[in-house]
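Worksheet: one structure, shown below.
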Amino acid sequence: MKPLNLADLTIEQKIGQMLLCRRPLNDEDKEYILELIRNRSLGGIHGMFPELLETADYPLLICENMESGFPKGEAELTCPLAIGATGSEEYAYEFGRISAIEAKAKGYNVVFGPIFDIALNPAAFCGGSLRFGGNKELVSRLGAAAVRGYQDQGMIVTAKHYPGFGESAIDSHLEMVYLKCDKKLLLERELEPYRYAIEHADLSGVMVGHITVPKIDDKYPASLSPKITNILREIGFDGLTMTDSLAMLGITNYYGLEECHALAMTAVDMVMASYRVPAKMAYEFMLNAYRKGRVTEEQIDEAVRRVIAAQNKTLKKPETTKLTHKEMNLAKEISRDSITALLDGVDSTAIPTDGRHLFILETPNVFKHPETGYMEEEKSNLNKIENLIKEKFPNSDTAKINKFPNTSQMEQTITKTMNYNSIIIVTYNRTSGYTGSADATRRFLALINAVAHKLSAIIIFGNPFPAREYPRTPRLIIGYENGSCEEEVINVLTGESIAKGKLPIDLVR
């Protein structure tokens, strides 16, 4: 593996080093990507395929989303918000370290994350459970610890989404995000986690979001704006910068895909292409931008210098390439220790196990896949949860209803509740982009309100942000997204376990 030398690269190679392409769309796209790599004309790729590692003779950046750990790994890591609930820097460090060990073993060397957004707005679900919490000190401490965990194993991080989604309720996958703050407030608030990680973790990379800050640049979002990205350099950052995905419709609907590539080359070091277009198209967009004088060779050289520096850092060998039982158990421990309970008018999370309760379970959404045409179901552990309820509460019953119930389903479920004095609502809510909101639907919220006078508890598995709209309930118990906490959450309801976590966000309820 021979590192690149900037002086040896042609302008065409240097432009390619600024490109971060996506997984191949087809065989033709795959062959083009491999040819770019053979020519040392590609900086990085999101994804992996068998020929990739065999072809690259330089430290190509191979990236993956790891917002809740390595997605192809064995460790059952929970989400960052759960780590925020523990407040533990040790857990945050291990979260990064465990993710990096598993990713490195599979050939990856760059993580898209961790998320440095501060969860300021409880309606801003877009980062949802993927944020560490709602105050800058907590996000700074835990974010920097996670960065150290990744980087100690030779990973490059891309802390995101600079300058921050936390204030806005908009999903940037769909629309443009705006921040109201000026530069002073931006430095004091959104940029504090970045400043802290630069100082305490030698932050290696930043992903720049499609976020407009009109008081700094009223024309372009951060991913296309040197005015906004240069603020990072002003606070001492000299690491790698890259755009968030140009597949996001909130930006391409405004500026067009080719224009986004050209503008991004003046603002960041690497341009993350859309997964909807072939690598050849993205590369030619960037090549044309140079030929038309939209970006200078000096700007390109400065960007590629940082790309090569990041590539060279990935040559650091990890301490280990395989997780031990201790680390696997630690992942489960983090999940258990994060469980959070909010009490209102009661002294205990426990309800009588021999009582006759009705558990209303929100079923996962069923949808027709637009590509395959087959009916599919969103992921959940509903069956495991239902079995635990039957085991722990033998005299109780369950009722199932989806998040989009029709009239007859609503009537049938509410009629059934008339035979019980104690109702427990169980929801399973996953953070997801391109949905506009992770909140409870108006229909499901109407069902909860209809039985509010009989509620003993609401249990949330996943994203807790929707709870801000729930009615008051004696017990709100949160088992955060991913991880393996279903049994422990039910044990909190029986009184066999204690909820140790503290809610790391403010919910205006």
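Quick note: numbers below take in every heavy atom, side chains included, and nothing from hydrogens, waters or symmetry partners.
The pair D29-R22 fails the salt-bridge criterion, with no side-chain N (NZ, NE, NH1 or NH2) lying under 4.0 Å from an Asp/Glu carboxylate O. Salt bridge annotation for K106-E64: absent, with no cationic side-chain nitrogen under 4.0 angstrom from a carboxylate oxygen. By the 4.0 Å N-to-carboxylate-O rule, E89 lies close enough to R148 to be salt-bridged with it. Salt bridge absent: E302 and R233 never bring a charged side-chain N and a carboxylate O closer than 4.0 Å.
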Evaluate Y91 against E333 for side-chain hydrogen bond (donor to acceptor under 3.5 Å, both in side chains), listing each step before the verdict. CA-CA 9 Å; Y91 282 167; E333 179 184 315; 2.6 Å; yes
Worked check of salt bridge (Lys or Arg N to Asp or Glu O under 4.0 Å) between E297 and K14: CA-CA 9 Å; E297 187 163 3; K14 288 187 284 191; 2.8 Å; yes
After noting the C-alpha distance and the side-chain angles of E90 and R97, does the key distance pass the salt bridge (Lys or Arg N to Asp or Glu O under 4.0 Å) rule? CA-CA 10 Å; E90 178 187 355; R97 190 179 77 89; over 6 Å; no
Derivation and outcome, salt bridge (Lys or Arg N to Asp or Glu O under 4.0 Å), residues R40 and D57: CA-CA 8 Å; R40 296 188 155 200; D57 65 352; 3.3 Å; yes
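Checked against the 6.0 Å centroid criterion, the rings of Y194 and Y162 qualify as a close aromatic pair. Here the two rings, on H210 and Y254, have centers that are 6.0 Å apart or farther.
Between I228 and I216, the closest heavy-atom pair is CG1-CG2, 3.9 Å. Among all heavy-atom pairs drawn from N312 and P3, the shortest one is OD1-CB, 3.2 Å. Closest heavy-atom contact between P163 and V213: CG-CG2, 4.0 Å.
Heavy atoms from other residues, nucleotides or ligands lying under 6.0 Å from NZ of K280 number 12 at most.
Taking the six-membered ring where the residue is Trp, Y255 and Y220 present tilted rings, their angle falling between 30° and 60°.
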